[in-house]
Amino acid sequence: MDIKEEVYSVFLRLLCHFGPQRWWPRIWKEGNHRDEIIIGAVLTQRTLWKNVENALKKLEDYGITSIAKFYDTDEGYIERLLKSVPFRRRKIRTIKRLWETVKYGVPSREKLLEVEGIGEETADVILLYAYDIPTIVIDEYARRWFLRFFGLNVGDRMLRSYLHFEDTFYLKEMHALLDELGKRYCKRKPLCDDCPLKSKCRLYVRVFSKR
DNA sequence: TGCCAGGTGAAAG
DNA sequence: CTTTCACATGGC
């Protein structure tokens with residue numbers, strides 16, 4: 001069984017086990033949902049989603065429900081609204097810089113990566129979830145799972161090609177499901193006993209099964 | 001109560 | 001190329 005086939009079978013297994021995750025979550029009742037995703041994608045960098053949720057609610061309470069509005073609002077004012085978000089001063093500037101790129105229409109991956117504060121993961125999140133452009137999102141959870149599951153240490157470039165399928169439902173769910181797996185089982189200190197993937201996982205076979 | 005969270009970029013080896 | 005650090009806060 002080649003790696004891509006096995007990746008897809010993992011996707012199906014995770015989907016059955018956890019159910020569809022329906023990312024990207026929406027917090028705002030109204031306003032520009034595309035902008036909400038873009039703002040949330042930056043705010044959630046190295047940050048608990050719960051804290052981002054609170055911050056997004058705060059923005060909505062004060063009527064900042066688009067990047068354009070965000071751009072036109074005083075930095076110090078926004079900073080007070082986002083007090084639950086770490087690294088917020090940087091992130092506010094990043095979001096304001098993003099406006100210069102996204103106001104002209106659908107941004108390319110290259111253009112997003114030119115924005116200071118936007119790396120590969122955030123760029124791919126924006127493309128996939130805000131613009132529905134088929135892109136695989138690689139994060140720490142995906143790297144860790146792949147290394148353990150296949151016992152292969154590959155670079156991000158390879159990883160992207162192994163995980164990519166041209167289907168936005170798969171792409172959106174796969175990223176969300178691997179995050180769920182990483183949070184519940186495939187943690188830094190793995191909890192393999194109840195992991196839905198243990199029967200196929202190279203790490204589990206190597207470390208825990210007796211011969 | 002300490003660890004860590006849905007990263008990025010700059011600096012250094 | 002890889003490792004290390006600053007960025008800064010709340011949740012559990």
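We use all heavy atoms of the structure for the numbers below, so side chains are in, but hydrogens, waters and symmetry mates are not. Given the structure is predicted, the values throughout are model-derived calculations rather than measurements. Each chain gets a letter, A, B and so on, in the order its sequence line appears, and its residues count up from 1.
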Base, sugar-phosphate or nothing for A:Glu140? Non-hydrogen atoms, less than 4.0 Å.
nothing
Proximity to the side chain of A:Asn54 - top-ranked nucleotide from C:dT9, C:dG11, B:dG7
C:dG11
Between B:dT8 atom P and A:Arg93 atom CZ, what is the distance in whole Å?
18 Å
Taking the minimum atom-to-atom distance to the side chain of A:Leu48, which one of C:dT9, B:dG7, C:dG10 wins?
C:dG10
When rounded to whole Å, the CD to C1' distance for the pair A:Gln45 and B:dA5 reads 13 Å
Atom pair distance, as rounded to whole Å: CD1 in A:Ile118 and P in B:dG7
13 Å
Heavy-atom nearest nucleotide on DNA chain B for A:Gly117 versus A:Arg144: which residue maps closer to 5'?
A:Arg144
A:Glu114 atom CD is separated from B:dT8 atom C1', nearest whole Å, by 16 Å
Under 4.0 Å between a Lys/Arg side-chain N and an Asp/Glu carboxylate O for A:Glu140 and A:Arg144?
no
With DNA chain B as reference, determine whether A:Leu113 or A:Tyr129 sits nearer its 5' end, using the nearest nucleotide of each.
A:Tyr129
Mind calculating the distance between CD (A:Glu180) and P (B:dA5) to the nearest angstrom?
14 Å
So does A:Asp156 pair up with A:Arg143, basic N to acidic O under 4.0 Å?
yes
Electrostatic pair A:Lys198-A:Asp193, nearest N-O below 4.0 angstrom
no
Would you mind reading off the distance between A:Asn51 atom CG and B:dG7 atom P, rounded to a whole angstrom?
13 Å
For a quick check of understanding: with a heavy-atom distance under 4.0 Å over all strands, which category does A:Lys91 fall into, base, sugar-phosphate or nothing?
nothing
Might you work through the side chain to side chain donor-acceptor pair (under 3.5 Å) test for A:Thr122 and A:Gln45, ending with a clear yes or no?
CA-CA 8 Å; A:Thr122 307; A:Gln45 292 171 349; 2.8 Å; yes
If I pick the P atom on C:dC7 and the same atom on B:dG2, what distance separates them, to the nearest angstrom?
23 Å
Picking from B:dG7, B:dG9, C:dG10, which would you name as closest to the side chain of A:Arg46?
B:dG7
What's the gap between C:dA8 and B:dT1 when it is taken at their P atoms, as a whole Å value?
27 Å
Determine: side-chain N/O of A:Arg188 to OP1/OP2 of B:dC4, distance under 4.0 Å, yes or no.
yes
What do you reckon, are the aromatic ring centroids of A:Trp28 and A:His33 less than 6.0 Å apart?
no
Whole-Å distance between B:dT8 C1' and A:Ile92 CD1?
16 Å
Within the pair A:Thr47 and C:dT9, is there a side-chain N or O less than 4.0 Å away from OP1 or OP2?
no
Check the distance between B:dA10's C1' and A:Phe87's CZ and give it to me in whole angstrom.
15 Å
